[in-house]
Student: 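Dumping the structure here so I can ask a few things about it.
Since the model is a prediction, treat every value here as computed from it, not as a measurement. Numbered from 1 within each chain, the chains take letters A, B, ... in sequence-line order.
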There are 2 protein chains.
Amino acid sequence: MAEGGPGPGGGEALLFLTDEQLRKGIEAMFFAYRGFTADPDRILEDLDYGRAHHRAVHFIHRSPGTTVNNLLSILGVTKQSLNRVLRTLIEDGLVESRVGRVDKRERHLYLTPRGTELERMLSDAQRARMRAAYRAAGPAAVQGFRQVLEAMMDPELRRQYQTLKEGGA
Amino acid sequence: MAEGGPGPGGGEALLFLTDEQLRKGIEAMFFAYRGFTADPDRILEDLDYGRAHHRAVHFIHRSPGTTVNNLLSILGVTKQSLNRVLRTLIEDGLVESRVGRVDKRERHLYLTPRGTELERMLSDAQRARMRAAYRAAGPAAVQGFRQVLEAMMDPELRRQYQTLKEGGA
DNA sequence: TTGGAAAGTCAACAAGGCTGACATAAAATC
DNA sequence: GATTTTATGTCAGCCTTGTTGACTTTCCAA
């Protein structure tokens, strides 16, 4: 239990690392993530889509022309899982799949106007909540928020995130 | 670049609310949550349990003697979903269900020694990652992290979270 | 005492993960 | 040119975990 006591000798600055503080952070992640997905989920439900569709649409919007393989590594699912989602999105006319010009094995993915419209609806909803949270917490808190989240990622995913982050700025 | 400029005038202070900054926050949540669940997921996989079991075990540990209904409102799933998970945990001897004394309709839930052991394994793993992230980011960042997460919750969930937070401290 | 509400259980179904096997086409290599 | 590797798509089948609907037991209040 060493961490708990505010005793003398070097330990006081680490009080934010007690099991109790960490548990609060864990529960905060759990409840916050529910809020984070709640608004898009409501929109998707009416359209008979799920979170998997949202994720695909988001990252195709982020990186137009991305290949299936690329998307797989970002989303971290199997190609069968992704394919099921992509198939419905393509059938419904939200995503277009073009054969690669240099490498004809690849399929490059783009949002159609209707896909762009859905992406807009979803991201508007999600951004509205983020914006409210950011505004309530203030810029300093936001910086800390991002720092902790980055430190929480697996190194592999952090690399992916950094790439996206730079690419989009 | 946006975050840096502390220029004069009214609008600059809100640069952290641009769509671009919000998008980064959204993607950070996505990737960080994957890391957040990765370690417990690995442990659960070997035991043929899933995240739903983890959540149940976590909150029963947090609030021993809680009722099924109570747990339902915290977890935000249907009672049928929860029931399936509870049934396997009870069959496997990790959770004990006692008929309520004052109201015999209620079942009060407790972790058995084996359930406590699993909870310990899972929370140790998850805390280790949180601790590393907290340590890397520092106490000020952690405070901001928690502020933004709380602001992101649905009001109903925030109330639940606050109750738990106080109760456990 | 009887009827409704509340807590919990059981049955069946759907979404979306997963693995494994296999097909095709194109690129890369020998 | 033949072979192997890579990128993608597809089928079949499984698991977890969400859903709704129907049901029992228990409690409470009219």
Student: Cationic tip of R158(B) within the cone over F31(A)'s six-membered ring, i.e. under 6.0 Å and within 45° of the normal?
Tutor: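 No cation-pi geometry.
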Student: So, is the end of the R129(B) side chain (NZ or CZ) under 6.0 Å from the ring centre of F36(B) and within 45° of the ring's axis?
Tutor: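 Cation-pi check for R129(B) and F36(B): fails.
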Student: Report yes if some heavy atom in the side chain of L149(B) is under 4.5 Å from a heavy atom in the side chain of F145(A); otherwise report no.
Tutor: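 They are in side-chain contact.
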Student: Looking for any heavy atom pair under 4.0 Å, which part of the strands does G76(A) touch: base, sugar-phosphate only, or nothing?
Tutor: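 Sugar-phosphate: the residue G76(A), judged by heavy atoms under 4.0 Å, touches backbone atoms but no base.
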Student: Any ion pair linking E156(B) and R159(B) (charged N to carboxylate O, less than 4.0 Å)?
Tutor: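 Looking at R159(B) and E156(B), the cut-off is met.
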Student: Whether the side chain of R51(A) and the base of dG17(C) hold a donor-acceptor pair under 3.5 Å is what I'd like checked.
Tutor: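 Donor-acceptor pair under 3.5 Å: no.
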Student: Any side-chain N or O of N83(B) below 4.0 angstrom from OP1/OP2 of dG8(C)?
Tutor: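 No, no such contact exists.
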Student: What pairs of nitrogen or oxygen atoms, one from the protein and one from nucleotides 19-26 of chain C, lie under 3.5 Å apart?
Tutor:
from, atom 1, to, atom 2, distance (Å)
dG20(C), O6, Q80(A), NE2, 2.9

Student: E106(A) side chain: which of dG18(D), dA7(D), dG16(C) is closest?
Tutor: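 Within the option list, the nearest is dA7(D).
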Student: From C-beta outward on V77(A), which listed nucleotide comes closest to its side chain: dC18(C), dA7(D), dT19(D)?
Tutor: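 Nucleotide nearest to V77(A)'s side chain: dC18(C).
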Student: May I ask you to say what H108(B) touches in the nucleic acid, namely base, sugar-phosphate or nothing, with a heavy-atom cut-off under 4.0 Å?
Tutor: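 Touches nothing.
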Student: Between R131(A) and D19(B), does at least one N-O distance fall below 4.0 Å, as a salt bridge requires?
Tutor: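 Salt bridge present between R131(A) and D19(B).
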Student: I'd like to know whether NE2 of H61(B) has more than 12 heavy-atom contacts from other residues, nucleotides or ligands below 6.0 angstrom.
Tutor: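 12 or below, so no.
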